[in-house]
Amino acid sequence: MAEETAVHRVAVTEAAAAVLRDLYAANGPLMFHQSGGCCDGSSPMCYLAGEFRTGSADVLLERLEVPGVAEPVSFWMGAGQFERWRHTHLTVDVVPGRGSGFSLEAPEGVRFMIRSRLLTDLEEEVLDRRALR
Amino acid sequence: MTRYAAPGQPDALMSFSTRYDHWIGGEYVPPAGGRYFENPTPVTGQTFCEVARGTAEDVERALDAAHAAAPGWGRTPAAQRADVLNKIADRMQEHLAELALAETWENGKPIRETLAADIPLAIDHFRYFAGALRAQEGSLAELDDATVAYHFHEPLGVVGQIIPWNFPILMAVWKLAPALAAGNAVVLKPAEQTPASVHFLMGLIADLLPPGVVNIVNGFGVEAGKPLASSARVAKIAFTGETTTGRLIMQYASENIKPVTLELGGKSPNVFFDDVSSARDDFYDKALEGFTMFALNQGEVCTCPSRALIQRGHYHDFLADAVARTERIVRGHPLDTDTMVGAQASNDQLEKILSYLEIGQAEGAKVLTGGERLDLGGELSGGYYVQPTIFEGANHMRIFQEEIFGPVVSVAAFDDFDDAIKIANDTLYGLGAGVWTRDAGTAYRAGRAIQAGRVWTNCYHLYPAHAAFGGYKGSGIGRENHKMMLEHYQQTKNLLVSYSPKAMGFF
């Protein structure tokens, strides 16, 4: 079971965690919603928790525990998009960048982005058993 | 080959200002917060100007100016408004090459495209809506011999527009032209990736517009876009971008009960039936070009034909020719007129594309050409360049399902008509599609069966005014590029008039 709890759909790089700490200190509790489509799509958007209203069309992939951020950062995705992404593991990273949608980090000259890899068979098995919240 | 001198060079056609404030009420206004951000060119990665970092205070000021201007502009006779739009078009025509240079430096796209497409299309867009406005009429219905329902078009008032970075001038004009024609005043926020070229345009046309009719507030989405999108003082919000921000804008609009139009991208299929290869003629050549259109504008187009579906009968031969055609794409300095594909618009865009090149290979897709970042050397080494890339794979892969917004196409085979339509429609989006066949019946049936707002049939990537453009499914709400867009910027006023002196008889 210890192994199972170590299996996650979404991870955060240390660089992204540092940005999240700054954003949390400046703004308070945070959330991500993974975007799709044009322009700045395919990128995770970071908002104040509750700023983006999720509903039955969304899936909560993870409550990210970030060192130095007291409240977990929820990571959401549209359900239709999730069906097309569910076989991949996502890592929130950050790169120098210039703006994107209404995401909180953009004015700091950085941009969250997603790095992806395939889930292993073991991870898929564990995650498929775990109910999505 | 012609090589244009970069903006600001002694022999350049134009130069940017070193700083752009907000354009509010017909003059430049410094940001209330006093802060600016740097604007680099994707061509070299070097900063070429700084731009006001707008906040809610700046948006309010722009809304004040717009509200002051809107009633007068809305009352301006249609002929006069149309005349202003035509004069804007004429002014842009006189300065076409300067605008093209500004746009290329701002966005990174090759000047060949800005000279031949972006700016000419923007010019024509103003002319189209000038004409559409002149031809627009209200209606009347004679309900009985003494009762008439009149329908008038009225401007909405003040509208907010949030512009993407992939065609900074053209996308601004797609939204400005119908809004202005319909008699609205506008507060426009350019993308923070590409904030400067629209100011260069504004500098050319400012004297043609009454102060306050067009206001430009620069800045980041969260600081300037959000106060605009969530303002109760705009009568409508128009947005081009991605799905999460699109939903967020709808949420804000719902708080104020305001309409939105949204264009949110796609994952457009480009379908090549077997009969395309029945002859090696002009049409075959055109179809190969149609395949290669995925690289147009570096793939940074909402309708990028990023899923090529090729029927099995000619799959291998057609694909081999398509790879060869793609490998003939000329890379180079975006200011060379021979260059076909320029720089990606930003570093984060480059990083995102590279991450998709990785996941595509991890999912088992095969790279047929490209697949890596491109270093063009010299001053371009600091710019954001990617090799045009062809993946061969299957439609369930992430590279087939998500908009990469780079010069990347994912290719899969299909068996027959039904299989083609099934794969084409297996996507969350429905903005554009391409169908290539010599059979008119197949073309018609495929075009009607694909769930997308625009199906290019034996062509691709044409964007003429007078052809409605907009999405099915997750690709958004509303249509641009067509006279119907006027009504997206108008209220309908019904006067229900009785010409009878007689009481109704109820009381």
Side-chain angles (χ1 to χ4, degrees), chain A residues 23 27 31-48 51-55 57-58 76-91 93-119, chain B residues 35 37-40 53 164-166 191-193 219-223 225-226 229 240-249 251 263-267 300-302 345-352 355-356 358-359 362-364 396-398 400-405 427-429 431 474-476:
Chain A
L23 292 175
N27 301 286
M31 67 181 288
F32 280 111
H33 192 278
Q34 173 66 39
S35 191
C38 196
C39 301
D40 309 317
S42 314
S43 294
M45 299 293 173
C46 184
Y47 303 122
L48 285 179
E51 176 79 20
F52 183 100
R53 269 153 283 170
T54 53
D58 296 292
W76 296 85
M77 187 184 293
Q81 192 169 337
F82 175 68
E83 282 312 307
R84 289 161 162 85
W85 287 48
R86 65 181 304 155
H87 61 292
T88 54
H89 177 274
L90 310 178
T91 300
D93 196 3
V94 69
V95 295
R98 169 46 54 78
S100 185
F102 296 176
S103 200
L104 282 172
E105 81 287 5
E108 312 306 321
V110 292
R111 183 69 195 99
F112 289 120
M113 66 169 289
I114 288 293
R115 298 193 187 280
S116 308
R117 65 169 172 80
L118 295 182
L119 290 168
Chain B
R35 299 172 76 183
F37 63 96
E38 295 186 336
N39 184 34
R53 185 168 158 180
W165 47 260
N166 56 344
E192 51 267 48
Q193 292 93 332
F220 293 95
V222 64
E223 294 177 343
K226 181 183 161 186
T240 294
E242 30 62 51
T243 55
T244 292
T245 308
R247 281 180 59 184
L248 190 57
I249 284 173
Q251 292 178 359
E263 198 271 82
L264 304 178
K267 190 68 187 176
E300 294 169 345
V301 193
C302 305
S346 64
N347 178 65
D348 43 316
Q349 186 56 27
L350 171 73
E351 293 275 0
K352 188 169 75 186
S355 80
Y356 271 100
E358 273 177 37
I359 186 67
E363 283 190 278
H396 62 82
M397 295 175 175
R398 289 261 308 270
F400 281 80
Q401 291 295 335
E402 265 305 302
E403 193 158 341
I404 299 171
F405 234 53
T427 172
L428 297 171
Y429 305 101
L431 188 59
S475 292

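The sequence lines fix the lettering, A, B, ..., with proteins before strands; numbering per chain opens at 1.
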Per-residue tally against chain B (heavy atom, under 4.5 Å) across A/Ser43, A/Gly101, A/Gly36 peaks at A/Gly36

Counting heavy-atom pairs under 4.5 Å with chain B, the top scorer among A/Met113, A/Arg84, A/Met77 is A/Arg84

Is it the side chain or the backbone of [X] that comes within 4.5 Å of chain A heavy atoms, both, or neither?
X	answer
B/Leu428	both
B/Tyr356	side chain
B/Ile249	side chain
B/Ala191	neither

Self-check item: Crowding at CD, A/Glu83 (>12 non-hydrogen neighbours, <6.0 Å)
Solution: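 Result for CD/A/Glu83: enclosed.
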
- Message: For B/Arg35, I'd like to know if atom CZ has over 12 heavy atoms of other residues, nucleotides or ligands within 6.0 Å.
- Response: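 No - once you tally the heavy atoms of other residues, nucleotides and ligands closer than 6.0 Å, there are 12 at most.
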
Any donor-acceptor pair under 3.5 Å linking the side chain of [X] with the backbone of [Y]?
X	Y	value
B/Thr244	A/Met45	no
B/Arg247	A/Ser35	no
B/Gln251	A/Arg53	yes
B/Lys352	A/Gly41	yes
B/Asn347	A/Gly97	no

So, the part of A/Gln34 with a heavy atom under 4.5 Å from chain B: the answer is backbone

Is it the side chain or the backbone of A/Ser42 that comes within 4.5 Å of chain B heavy atoms, both, or neither?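 Contact with chain B involves both backbone and side-chain atoms of A/Ser42.
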
Task: Residue pair B/Gly265 / A/Cys38: nearest heavy atoms and the distance that separates them - done: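 So the minimum-distance heavy-atom pair works out to CA-CB, 3.4 Å.
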
- Task: Search all heavy atoms of A/Gly37 against all heavy atoms of B/Tyr429 and return the closest pair with its distance.
- Result: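 What the structure gives for the nearest pair is N-OH, 3.0 Å.
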
In Å and rounded to the nearest 0.5 Å, what is the [atom1] to [atom2] distance from [X] to [Y]?
X	Y	atom1	atom2	value
A/Trp85	B/Gln401	CH2	CD	11.0 Å
A/Ile114	B/Ile359	CD1	CD1	11.0 Å
B/Leu264	A/Cys39	CG	SG	9.5 Å

Less than 4.5 Å apart, any side-chain heavy atom of B/Asp348 and any of A/Pro96?
no

Would you check if A/Phe102 and B/Glu223 make a side-chain contact, meaning some heavy-atom pair closer than 4.5 Å?
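SC-SC contact between A/Phe102 and B/Glu223 ruled out.
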
- Item | Full working for side-chain contact (heavy atoms from CB on, under 4.5 Å) between A/Arg98 and B/Phe37 | CA-CA 10 Å; A/Arg98 169 46 54 78; B/Phe37 63 96; 3.8 Å; yes

Can you tell me if A/Asp40 and B/Gln349 form a side-chain donor-acceptor pair at under 3.5 Å?
no

| field | Worked verdict on A/Tyr47 versus B/Lys226 for side-chain contact (heavy atoms from CB on, under 4.5 Å) | value | CA-CA 12 Å; A/Tyr47 303 122; B/Lys226 181 183 161 186; over 6 Å; no

Tested for side chain to side chain donor-acceptor pair (under 3.5 Å) against A/Ser116, the lone hit among B/Glu358, B/Arg398, B/Glu363 is B/Arg398

Heaviest contributor of heavy-atom pairs below 4.5 Å to chain A, chosen from B/Asn166, B/Thr427, B/Val301, is B/Thr427

Inset, instruction - Name the option with the most non-hydrogen atom pairs under 4.5 Å to chain A; the candidates are B/Gly246, B/Ser475, B/Ala229, B/Gly241. - result: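 Max contact count across the listed options: B/Gly241.
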
Do NZ/NE/NH1/NH2 and the carboxylate oxygens of A/Arg115 and B/Glu351 come within less than 4.0 Å?
-> yes

